[in-house]
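Positions are given from 1, in the same order as the sequence printed here. The structure displayed is predicted, hence computed values, not measured ones. Values below: all heavy atoms of this structure, side chains included; hydrogens, waters and symmetry mates excluded.
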Amino acid sequence: MALFKKEHEAAFKELPRHIGIIMDGNGRWAKKRGLPRTAGHRKGADAFEKICRECNRLKIKEVTFYAFSTENWNRPKSEVQALMQLFHDFLIEAKTRLSETENIRVRFIGDRGVLDSGLIKLMDEAEADTAQRTGTLVNIAINYGGRQEIVYAVNKLIAAGRQNVTENDISENIYTSPDCDLIIRPSGEKRLSNFMLWQAAYSEFQYSRVLWPDFDEHDLHRALHEFENRNRRFGK
């Protein structure tokens with residue numbers, strides 16, 4: 001027990017302010033076990049909760065999870081429906097699963113225009129219920145794409161009457177903090193998949209062969225230790 005506690009409470013010299021996580025591998029996790037893909041998504045939701053809690057314990061300021069991309073609508077209709085139901089069920093349970101004692105603030109990013117009105121209502125409630133919390137800000141990207149986010153920011157500026165747009169303008173109008181320090185992608189894939197294209201300009205990347213449903217605190221610690229040992233030059 002003491003040994004586990006020592007590992008779990010790993011010390012870090014430097015932590016990223018903003019982490020992006022591509023939750024990849026749910027389908028492969030289920031296939032390896034002869035289960036429907038939906039079982040992998042449910043198990044992935046448990047991993048999401050676990051990593052949220054650990055990021056908050058470590059006092060990481062902001063974490064953005066890639067939950068459902070603008071391209072994911074091309075998946076089989078049954079899988080899309082199951083994912084939407086999973087989001088719905090998670091939000092209903094969120095008040096107890098990520099309780100007030102966790103001090104986690106929740107925000108949803110992406111285009112809500114095509115989402116079910118009932119789901120949007122739950123998203124709005126979750127944001128309002130956690131708005132005053134001061135712990136980790138957890139961004140959940142649903143119907144999100146990095147290109148779509150940049151277009152959103154530019155259109156917002158155009159609507160405000162701007163004729164010339166600067167980098168700083170876009171940074172101030174995207175969904176999240178303008179810079180992401182570390183992007184983690186489990187499952188063995190090595191690509192961004194249209195995730196936080198603007199924020200990733202100087203991100204460090206950490207890849208792992210662990211499938212997302214199996215990703216735990218120790219995998220997060222491994223990524224954080226890699227990060228603190230990187231030499232970040234920011235193009236210099």
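Across all their heavy atoms, R222 and D219 have their closest contact at NH1-OD1, 2.8 Å. Between A126 and L91, the shortest heavy-atom distance links the atoms CB-CD2, 4.0 Å. Between P213 and K43, the closest heavy-atom pair is CB-CG, 3.4 Å. Residues V63 and I60 share a closest heavy-atom pair of CG2-CG2, 4.0 Å. The minimum heavy-atom distance between G40 and A30, with the atom names listed, is N-CB, 3.8 Å. In plain terms, the two heavy atoms of T130 and V106 that are nearest each other are OG1-N, 3.0 Å.
Looking at E217 and R57, their side chains never come closer than 4.5 Å, going by heavy atoms from C-beta outward. You'll find the side chain of F205 stays beyond 4.5 Å of the side chain of R185, heavy atoms only. Side-chain contact between L122 and F108: absent, with no pair of heavy atoms (C-beta onward) separated by less than 4.5 Å. Counting heavy atoms from C-beta on, the side chains of W212 and I21 come closer than 4.5 Å. Contact annotation: the side chain of H41 approaches that of E79 to within less than 4.5 Å [non-hydrogen atoms, C-beta and beyond]. Put simply, the side chain of D124 reaches to within 4.5 Å of the side chain of R112, judged on heavy atoms. In this structure the side chain of W29 reaches within 4.5 angstrom of the side chain of L35, judged on heavy atoms. Side-chain contact check for M84 versus D116: every heavy-atom pair is 4.5 Å or farther apart.
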Show the numbers, then the answer: is there a side-chain contact (heavy atoms from CB on, under 4.5 Å) between I170 and V154? CA-CA 7 Å; I170 295 177; V154 172; 4.2 Å; yes

Assess the residue pair R107 and E62 against the criterion (side-chain contact (heavy atoms from CB on, under 4.5 Å)); give the C-alpha distance rounded to whole Å, side-chain angles, the decisive distance to 0.1 Å, and a yes or no. CA-CA 10 Å; R107 181 171 64 185; E62 187 170 0; 3.4 Å; yes

Could you walk me through whether L224 and L182 pass the side-chain contact (heavy atoms from CB on, under 4.5 Å) test, one step at a time? CA-CA 8 Å; L224 295 175; L182 172 65; 4.1 Å; yes

Carefully, step by step, assess V151 and R147 under the rule side-chain contact (heavy atoms from CB on, under 4.5 Å). CA-CA 6 Å; V151 170; R147 290 178 175 178; 5.6 Å; no

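Hydrophobic clustering (ILVMFWY, side-chain heavy atoms < 4.5 Å, transitive): I109 and M23 are in distinct clusters. Under the 4.5 Å side-chain heavy-atom criterion for Ile, Leu, Val, Met, Phe, Trp and Tyr, Y66 and L211 are members of distinct hydrophobic clusters. Hydrophobic cluster membership is shared by M123 and I104, with clusters built from Ile, Leu, Val, Met, Phe, Trp and Tyr side chains linked at under 4.5 angstrom. Residue F90 is grouped with residue F215 when hydrophobic side chains (ILVMFWY) are merged at heavy-atom distances under 4.5 angstrom, including chains of intermediate members. No single ILVMFWY cluster, assembled from side-chain heavy atoms under 4.5 Å apart, contains both F87 and F195.
Shown here are the salt bridge (Lys or Arg N to Asp or Glu O under 4.0 Å) partners of E226, two or more places apart in sequence or in another chain: R230.
Checked by atom type and distance alone, the side chain of E149 never pairs as donor or acceptor with a backbone atom of I174 at under 3.5 Å. The closest donor-acceptor contact from the side chain of N56 to the backbone of E102 lies under 3.5 Å. A donor-acceptor pair is defined here as one N or O able to donate and one able to accept, closer than 3.5 Å; no such pair exists between the side chain of R75 and the backbone of V80. Between the side chain of Y144 and the main chain of M196, a donor-acceptor pair closer than 3.5 Å is present. When atom types are taken as modelled, the side chain of N194 and the backbone of G146 share a donor-acceptor pair closer than 3.5 angstrom. Within the 3.5 Å criterion, the main-chain N or O of N139 finds no donor-acceptor partner in the side chain of T64. In this structure, the side chain of D181 engages the main chain of R17 through a donor-acceptor pair within 3.5 Å. In this structure, R28 contributes its side chain and S187 its backbone to a donor-acceptor pair below 3.5 Å. Between the D214 side chain and the V210 main chain, no donor and acceptor come within less than 3.5 Å of each other.
Donor-acceptor pairing under 3.5 Å is lacking for the side chains of Q148 and T70. A donor atom on one side chain and an acceptor atom on the other are not found under 3.5 Å apart for N168 and S171.
A 6.0 Å sphere centred on CD of E71 holds more than 12 heavy atoms belonging to other residues, nucleotides or ligands. Residue K50 places its NZ atom among more than 12 non-hydrogen atoms of other residues, nucleotides or ligands, all under 6.0 Å distant. R33 CZ: more than 12 foreign heavy atoms inside a 6.0 Å radius.
Outside the 6.0 Å centre-distance limit, the rings of F227 and F12 are not counted as a close aromatic pair.
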